[in-house]
Amino acid sequence: MSDGSTTTAEFVNPLRDPQDRRLPQIAGPCGIVLFGVTGDLARKKLIPAIYDLANRGLLPPGFALVGFARHDFGRQGFARLVKDAAKAGARTAWNESTWKQLYSGFRFVEGSFDDDQAWETLRTTLDDLDAKQGTQGNHAFYLSIPPGLFPVVVSKLKEHKLAEAPGNAWRRVVIEKPFGHDLESARELNAIVGEVFAPEDVFRIDHYLGKETVQNILAFRFANEMFEPIWNSNYVDHVQITMAEDIGIGTRAGYYDGIGAARDVIQNHLLQLLALVAMEEPISFNAASLRIEKQKILANVRAPERLDLHTAFAQYTAGWAGGQEVIGYHDEEGIPADSTTETYAAMRLDIGTRRWAGVPFYLRVGKRLGRRVTEVAVVFKRAPHLPFSSDDVEELGQNALVMRIQPDEGVTLRFGAKVPGTVMEIRDVNMDFAYGGTFVEDSPEAYERLILDVLLGDPPLFPQHQEVELSWQILDPIIQHWSRKKSIDSYEAGTWGPASADKMIARDGRRWRRP
Amino acid sequence: MQVTLEHTSSSQVATALVKARHASGSPAMDMVLTLIVVCDDETVADALKAATILSTEHPARVIGVILGKGTGSPDMHAKIRVGSETSGESILLRMSGRLVKHAESAVMPLLLPDSPVVVWWPGQAPARPAEDAIGALGTRRLTDAEAASQPLRSLRSSARAYAPGDTDLSWTRLTPWRALLAAALDQVRSPVTGALIEAGPGNPVGVLLESWLEDRLGVDVRWTRTETDRIHRVLLETDAGEVCIERGDDDSATFSVPGATARTVPLPTRSLAELLAEDLRRLDPDEIYGATVAHLLEA
């Protein structure tokens, strides 16, 4: 699904050929400037992904990594931090020569974000890299920092002319969720970034879109003949999208409280999944065509009119989860006693298109649920006529097609089959497709794919600002409704959520799958 | 689990496979291809080990075929392994007697339905792989010139017999070099006027590199012989200056292009399993390889 290219019109590399699919698509000469090097995300995900990319030979030979932070650990200390993080988190084996290659491109700039001297140092560092490492003026600024710091960083980038690329080189900026906390703040954030960087140079990371299994949704739907004819309201009864975590909020109290489940994952991951499942076939897999189709769906998604009947939100209380006694949300460190932040959210959404009219999409997310699972279940209508007696089909449910995003990646098809024996008895069975054994562990991690795409300038997997705005338009009324309520439901840790969520879906005559 | 069958037939092997699969609790098949390994007693251990490691990336039914003495009454012994630590399953068939000449008849019933078949000769390959009775079962055929007694002769012979779907592992071994050279030109962006390879005289990987460069760049490639077998250094002359990639130790090289300081880049020596994994990632004919061996014969 890539139409990105590392070469421009005047010179065509004679050693490259579209038919030559053994040659990896290596990013052109470039570097990454990492803000927030000591953060969790940088240490656990970004640095290991960069190391793995280098180890797989996908980074250009002169790749540069510049750290910018207030610490005084210098280039050596920075290298040590990167080395520790890479060793702890990388998926590929440790390779000393990969390390040496990366090491020669390491730089560290010490300073706080309001220190003009440090920004000047950063500028001369990049100039120096262009000269010595051959990065040719191409740099990506990765803002792995709280969004509250974006304004100062982005304006300093502009002030010190770091956002302007010389000649036909590029400067890109990478930002992580949350993309604001409602429509208004998302617009403000976009205005800040958009003032300095052109829209095509802004890469918003939703790491779910980098997952192989999420990309497989597109392959599954549009590369096959047998699913598309039934992928509509004639055959589909409803769709359930679940993202359940077995862990609590852990050490993320500071970030999580006041944000909650809906803002944390529904706004980005779940609505993107919904868009991929529901959208029409794009005319091609380039970024623009995909975006058009996703936007059409998001623009047509409607929150229910009776928010009290068709949404649910709750907090987990102490209980037993997975054989361990765990504390409730209010007892977690750093959570105020009167917090009404939801750790569980469920809602019914409808899509106003001919394909999906009358097919509700039920979304649910939560922490401390029964087990860790993310899946999309398309549940089909019952056969219009069953030539069996009602006893025979007592155990026959609805056909379902489940795309398992994680863990145990794969696809399950659920249908009825005859139980062996003399009587005609029909029962539900599962047919499984699994991405084999360790196959998945060897395949690139989502961040590897996304970082490489940033460097290649290949945008199909990155949500654009308009998708972000549309998502907030869907969620804002729901979250506002919740905030007006005085009390919040609760559910025991280790269960599948509050009774109110079960009641919510039962109102429509349906029930949640146990994933 | 492991099952051994003596004096057996393909249908008994197939029945035992289904049973073994049920017994190990996973009757579902998620294998993506059949890999037939045609080997002898000398190569079988390493080859099957590589194929098993490979199964973790491409879950496969691996069928090892050992062809014994071709005279006497036909006989076949089988060893089946399912589950236990790896995905996929493996069957080792040891054939002897007149069956050796009709080995494909024993293998055919054991191929996975519909999915691609890859045939790999880890040792000496037949002169015309695509016309070989077992080779004809495959959509992809992998030979290994380096494992043959006369590597260059073997490479030229399989080049003459080239059919779409053939590749030699020497070509796979060349990929990291090709990737570095292509990356260098991405950076230099200037036409190439000449090229030089330093490698051992009998190295099939070097010969393929020479042919590929000549074919793609349209320049004469000079060759400097070295003592060591493998490729030691490759030089591209461009209008902007010289590109030079020189092997350092076993897993790295020095990469220099005009306008930037020389630096060390990874150039690992890859295991058999890693080579196979690269080959099986795409199961359609490798057209660039086809063009390269065609050029090899012209030169």
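Since we're looking at a predicted model, the values are computed, not measured. Chain letters run A, B, ... following the sequence lines, proteins first and then strands; every chain starts at 1.
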Task: Heavy atoms of other groups near B/Asp220 CG, more than 12 under 6.0 Å - done: no
Task: salt_bridge(B/Asp286, A/Arg21) N-O dist < 4.0 Å - done: no
Task: Option that, when pairs with chain A are counted at under 4.5 Å, heavy atom only, ranks first among B/Val257, B/Leu185, B/Leu217, B/Val188 - done: B/Leu185
Open item on the list: If we define contacts as heavy-atom pairs under 4.5 Å, which of B/Ser190, B/Ser252, B/Ala253, B/Pro268 has the most with chain A?
Closed with: B/Ser190
Open item on the list: For the NZ atom on B/Lys49, are there more than 12 heavy atoms of other groups (residues, nucleotides or ligands in this structure) within a distance under 6.0 Å?
Closed with: no
Task: Which of A/Thr135, A/Asp130, A/Leu15 touches chain B most, by non-hydrogen pairs under 4.5 Å - done: A/Leu15
TODO: Could you tell me whether A/Arg80 atom CZ has more than 12 heavy atoms of other residues or ligands within 6.0 Å of it?
DONE: no
- [ ] Name the option with the most non-hydrogen atom pairs under 4.5 Å to chain B; the candidates are A/Arg22, A/Glu96, A/Met431, A/Lys100.
- [x] A/Arg22
Open item on the list: Looking at every non-hydrogen atom in both residues, tell me the closest pair between A/Pro24 and B/Ala179 and how far apart they are.
Closed with: CD-CB, 3.8 Å
Task: chain A contact via B/Arg282 - which portion, at a heavy-atom distance below 4.5 Å - done: side chain
Open item on the list: So for B/Thr167, is it side chain, backbone, both, or neither that comes closer than 4.5 Å to the heavy atoms of chain A?
Closed with: side chain
- [ ] Identify the heavy atoms of B/Gln187 and A/Gln136 that sit nearest to each other, and give their distance.
- [x] O-NE2, 3.4 Å
- [ ] Would you mind telling me which of B/Thr175, B/Ile288, B/Leu267, B/Asp279 has the largest number of heavy-atom pairs within less than 4.5 Å of chain A?
- [x] B/Ile288
TODO: Check each of A/Leu102, A/Thr98, A/Leu59 against B/Pro266 using the side-chain contact (heavy atoms from CB on, under 4.5 Å) test, and report the only one that passes.
DONE: A/Thr98
Open item on the list: Quick check on A/Pro60 against chain B: is it the side chain, the backbone, both or neither that has a heavy atom closer than 4.5 Å?
Closed with: neither
- [ ] List the atom of A/Asp20, the atom of B/Arg178, and the distance in Å for their closest heavy-atom pair.
- [x] OD2-NH1, 2.6 Å
Task: Interatomic spacing from CD1 in A/Ile26 to CG in B/Leu180 - rounded to 0.5 Å - done: 6.5 Å
Task: Max heavy-atom pair count under 4.5 Å with chain B, selected residue of A/Pro29, A/Gly57, A/Pro61 - done: A/Pro61
